[in-house]
Visitor: 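The following block contains the structure, expressed as structure tokens.
Computed from a predicted model, the values in this text were never measured in an experiment. Here is the naming used below: chain letters follow the sequence lines, and residue numbers restart at 1 for every chain.
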4 protein chains.
Amino acid sequence: MTERARRAQIVSAAIEAIAELGCSKATYRQIAARAGLSSTGLISYHFADRAELLTEVVRDVLGRFGAFVVARLDEHETAAAQLRAFLTAQIDFSAGNRAAMRALRRIQADADITDSPNQAFAELVESDHKGLAELLRQGIRRGEFREFDPDAMAVFVLALRDGVLSRLRDHEPDELDVIRQELTTMIDLATRGNP
Amino acid sequence: MTERARRAQIVSAAIEAIAELGCSKATYRQIAARAGLSSTGLISYHFADRAELLTEVVRDVLGRFGAFVVARLDEHETAAAQLRAFLTAQIDFSAGNRAAMRALRRIQADADITDSPNQAFAELVESDHKGLAELLRQGIRRGEFREFDPDAMAVFVLALRDGVLSRLRDHEPDELDVIRQELTTMIDLATRGNP
Amino acid sequence: MTERARRAQIVSAAIEAIAELGCSKATYRQIAARAGLSSTGLISYHFADRAELLTEVVRDVLGRFGAFVVARLDEHETAAAQLRAFLTAQIDFSAGNRAAMRALRRIQADADITDSPNQAFAELVESDHKGLAELLRQGIRRGEFREFDPDAMAVFVLALRDGVLSRLRDHEPDELDVIRQELTTMIDLATRGNP
Amino acid sequence: MTERARRAQIVSAAIEAIAELGCSKATYRQIAARAGLSSTGLISYHFADRAELLTEVVRDVLGRFGAFVVARLDEHETAAAQLRAFLTAQIDFSAGNRAAMRALRRIQADADITDSPNQAFAELVESDHKGLAELLRQGIRRGEFREFDPDAMAVFVLALRDGVLSRLRDHEPDELDVIRQELTTMIDLATRGNP
DNA sequence: TATGAATGAGGTTTCATTCAT
DNA sequence: CATGAATGAAACCTCATTCAT
């Protein structure tokens, strides 16, 4: 079996284990069991460290996540449409990758601020924020949006995204359509220029 | 030393340790050191379990948090004012209890879904949500708010709260005033009835 | 059981294990078995590190060794007599502490030059050499010995000591008396002034 | 690549690794790295055992060592001259093969008494001793040396050799000339017949 | 109650070795 | 012959917990 495939398999099992058990109980034994490995040594063989494994998990999920969202954004032109796409894309990805998203949040909460996985995460949040603020700034400049502080609004939009994701994480996805509709309305109300 | 005082002391040390080190590194040794205890056995003596200790930490923080917010809410009458008070109270408590809030989030993220501390947390989130939705429903009924889905809006408001708290956690509190102002505006725009 | 006694017991078991099996096979399991401990964790409880345990072994043996030799040296006054006492004391100690001496040599050979146990050892060798050279220098000054280079002779005397000890380590002590007698003669011939 | 050459290459890398790191840290990985091998499996392929590899290392060094000394001895006829040649040859070989000699000592010190590498070593020491004792016995018989116990004197001479080598190992070789000169004098004094 | 030594399970990691390719 | 992934035993160490004092 090729190294790459094995690493992917282990990362995938780690995501499952962390999502299900939490970071501290997602031991090598649990991960190995989920991946069908015969020895925890095989994990150490492919990853130098527990830290490296967690970093890889974060990198993997964030990578897929980012690619998914960027592809959706590219389909739209106006700032308002992109803003909507930004939110719905993330909600859709999350709905389809619940375990991965849950694992992500758990790793982030467990890690020391100085730890490598957390740095990757912090960078993403920051770049998310900057990109979104820029999008909003453009929308204001073009007159699509009313005048507001783009940084503050970026915080709110990201917050709404996270909150919705968190809600979807813990409840059945029945609500999804209502929430999606209301979210769009709310964002529109909060951002649009005077009619 | 009285049992009660000792337990409180240990809980307090546990909050420090968890906030600083994360759940998995907040060992009894670390907690004992922070509490000035000479033996980790003393923690086991006062708490049946690690789970019981964590549950107690959650209960303690949530208790203080809830009392603080309720007191603030009681000062207001209209739904709109209570909504604003709900948000600012939580932001203020968080700003003054950063370690406790961070510990809370870490415990929640680390716990197994079935674990007792996580259940306490889930209950709180649910009651938060229900209380808020009821508040919004009242506001709609009284004509203070426009017609929206109160459950969805509750999700959004809680999301905004969490996002703002998270932002304040990781950045200097300079932004606090701008964000607070913009938040009020946004909530008003999103909720108010037609002018 | 007091900490001190437990540490001594573990050190003693470690000496046995190292002497018998060599450094790399003297695992915590072996040591725990020899000490009658129920868990290897108990060794970790009393010693921070394997390095600390080995350092302690070295310190223990060298301490007893040094005390024994100094006591013997103090019984004599002339340089020639002290030189003889120096040699015979060490031979006697070694004969009575074969396991300890063997463990010492093994630790020294295994350790990196930078390791802490080896530093303790290197210091002892150096101080041995200096003390002996000074003794020889005095003997020359007083006319007890012929003119020779005291540093070189110190090397030889220590070499003879080590060689004899090594020989005694690997062979039955039958030869002890002959060797002791011949050694005295040899040293006399090599050091004494012209008659 | 021929089997023979590969084995030699591995042995050579093992010598380096052991000399530098000590027995317990000279893992297959280290050895493979030093030999430029791409897999530790290759070592297992050419040597049945770690024990066999160590035995081979010992055999290799001792073989070269012995050949070197024998060649030097053959240049001399009198017992006194051969005794001097015996010592200087060993010192010279050691000076030119420091890593190999250090590896040798480390293997010996680490090995279980029953282990194969140690047996090879013990045999050498014994044969060294016997050859030397025989040389001395001859010298006495021929009247070149005074009357002494040849076995004891052999112990001393070997001891002097080892001590000098050890000293040279740990100190700059500046002292070499003084020590060599003094050693000759000392041996002469200790062995020569009455003048 | 408090102490601190003891316990035993379990953590990650490394090792020599095997085996399919 | 060579490779490198896989194996499983065993290493050291830490943890929450227990227990005698």
Visitor: Taking only residues at least two apart or on different chains, which pairs with a member in residues 7-17 of chain A satisfy salt bridge (Lys or Arg N to Asp or Glu O under 4.0 Å)?
Guide: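 Found Arg7(A)-Glu52(A), Arg7(A)-Glu56(A).
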Visitor: Would you say Arg29(B) reaches dT14(F)'s phosphate, i.e. side-chain N/O to OP1/OP2 under 4.0 Å?
Guide: no
Visitor: Using whole Å, report how far CG of Leu37(D) lies from C1' of dA16(E).
Guide: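 Going from CG in Leu37(D) over to C1' in dA16(E) covers 15 Å.
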Visitor: Taking the minimum atom-to-atom distance to the side chain of Ser44(C), which one of dT17(E), dG4(E), dC13(F) wins?
Guide: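 Of the candidates, dC13(F) comes closest.
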Visitor: How long is the line joining CG of Leu53(A) and P of dG11(E), in whole Å?
Guide: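 My rounded result for the distance is 15 Å.
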Visitor: In terms of side-chain heavy atoms of Thr27(D), which of dA6(E), dC15(E), dC15(F) is nearest?
Guide: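 Closest nucleotide among those given: dC15(E).
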Visitor: Are the side chain of Asp110(C) and the backbone N or O of Ser24(C) linked by a donor-acceptor pair below 3.5 Å?
Guide: no
Visitor: How many whole angstroms separate atom CZ of Arg50(D) from atom P of dT18(E)?
Guide: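 Interatomic distance, CZ of Arg50(D) to P of dT18(E): 15 Å.
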Visitor: Calculate the interatomic distance between Ile31(B) atom CD1 and dA16(F) atom C1'; express it in whole Å.
Guide: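 Those two atoms, CD1 and C1', are 11 Å apart.
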Visitor: Could you say whether Leu42(C) or Leu42(A) is positioned toward the 5' end of DNA chain E, judged by the nucleotide with the nearest heavy atom to each?
Guide: Leu42(C)
Visitor: Is there a donor N/O on one and an acceptor N/O on the other, under 3.5 Å, for the side chain of Tyr45(C) and the base of dA5(E)?
Guide: yes
Visitor: With a 4.0 Å limit, can you tell me whether Arg6(C) has a side-chain N or O closer than that to the phosphate oxygens OP1/OP2 of dA5(E)?
Guide: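 For dA5(E), OP1/OP2 do not have a side-chain N/O of Arg6(C) under 4.0 Å.
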Visitor: Give the dot-bracket string for DNA chain E, reading 5' to 3', where a pair is Watson-Crick or G-U wobble with both distances under 3.5 Å, ( ) marks pairs inside the strand, [ ] marks pairs crossing earlier ones, | marks a partner on another strand, and . marks unpaired.
Guide: .||||||||||||||||||||
Visitor: Looking only at side-chain N and O atoms, does Arg6(C) offer a donor or acceptor that is under 3.5 Å from a partner on Gln9(C)?
Guide: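 On atom types as modelled, these side chains qualify, holding a pair under 3.5 Å.
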Visitor: So which nucleotide from dA5(F), dT3(E), dT18(E) ends up closest to the side chain of His46(A)?
Guide: dA5(F)
Visitor: When Val57(C) is tested against each of Leu104(C), Leu62(C), Ile15(C) for side-chain contact (heavy atoms from CB on, under 4.5 Å), which residue passes?
Guide: Ile15(C)
Visitor: Would you kindly compare Thr2(A) and Asp49(B) by the position of their nearest DNA chain F nucleotide and give the one closer to the 5′ end?
Guide: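 The residue mapped nearer the 5' terminus is Thr2(A).
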Visitor: Report the nucleotide, chosen from dT3(F), dA5(E), dG10(E), that has the shortest atom-to-atom distance to any side-chain atom of Ser39(D).
Guide: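 From the listed options, dT3(F) comes nearest.
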Visitor: Whether the side chain of Tyr28(B) engages the backbone of Leu42(B) through a donor-acceptor N/O pair (distance < 3.5 Å, no angle test) should be reported.
Guide: no
Visitor: Please lay out, stage by stage, how Glu20(B) and Arg34(B) fare under the test salt bridge (charged side-chain N to carboxylate O under 4.0 Å, His left out).
Guide: CA-CA 11 Å; Glu20(B) 195 170 329; Arg34(B) 264 158 245 263; 2.7 Å; yes
Visitor: Nearest heavy atom decides the nucleotide; on that basis, is Arg4(D) or Gly41(D) closer to the 5' end of DNA chain F?
Guide: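 Checking each residue's closest nucleotide, the 5'-ward one belongs to Arg4(D).
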Visitor: Checking only heavy atoms, does the side chain of Thr40(C) share a donor-acceptor pair with the base of dC13(F) at less than 3.5 Å?
Guide: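 Donor-acceptor pair under 3.5 Å: yes.
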Visitor: Spell out, as yes or no, whether a donor-acceptor pair under 3.5 Å connects the side chain of Arg102(C) to the backbone of Gly22(C).
Guide: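 Side chain of Arg102(C) to backbone of Gly22(C): no pair is present.
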Visitor: Between atom NZ in Lys25(D) and atom P in dT14(E), what is the gap in whole Å?
Guide: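 It works out to 14 Å between those atoms.
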Visitor: Rounded to whole Å, how long is the line connecting atom CD of Gln30(C) with atom P of dA10(F)?
Guide: 11 Å
Visitor: What's the closest nucleotide to the side chain of Ser38(D) if the choices are dT3(F), dT13(E), dC12(F)?
Guide: dT3(F)
Visitor: How long is the line joining CD of Gln9(D) and P of dC1(F), in whole Å?
Guide: 13 Å
Visitor: Not counting sequence neighbours, which residues clear ring pair (Phe, Tyr, Trp, His ring centres under 6.0 Å) with Phe47(D)? List them please.
Guide: none
Visitor: Whole angstrom is fine here: how far is it from CD1 in Ile10(A) over to C1' in dT12(E)?
Guide: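 Rounded to the whole Å, the gap is 14 Å.
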Visitor: Which one, dA2(E), dT12(E), dT17(F), comes nearest to the side chain of Tyr28(B)?
Guide: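 Nearest nucleotide to the side chain: dT17(F).
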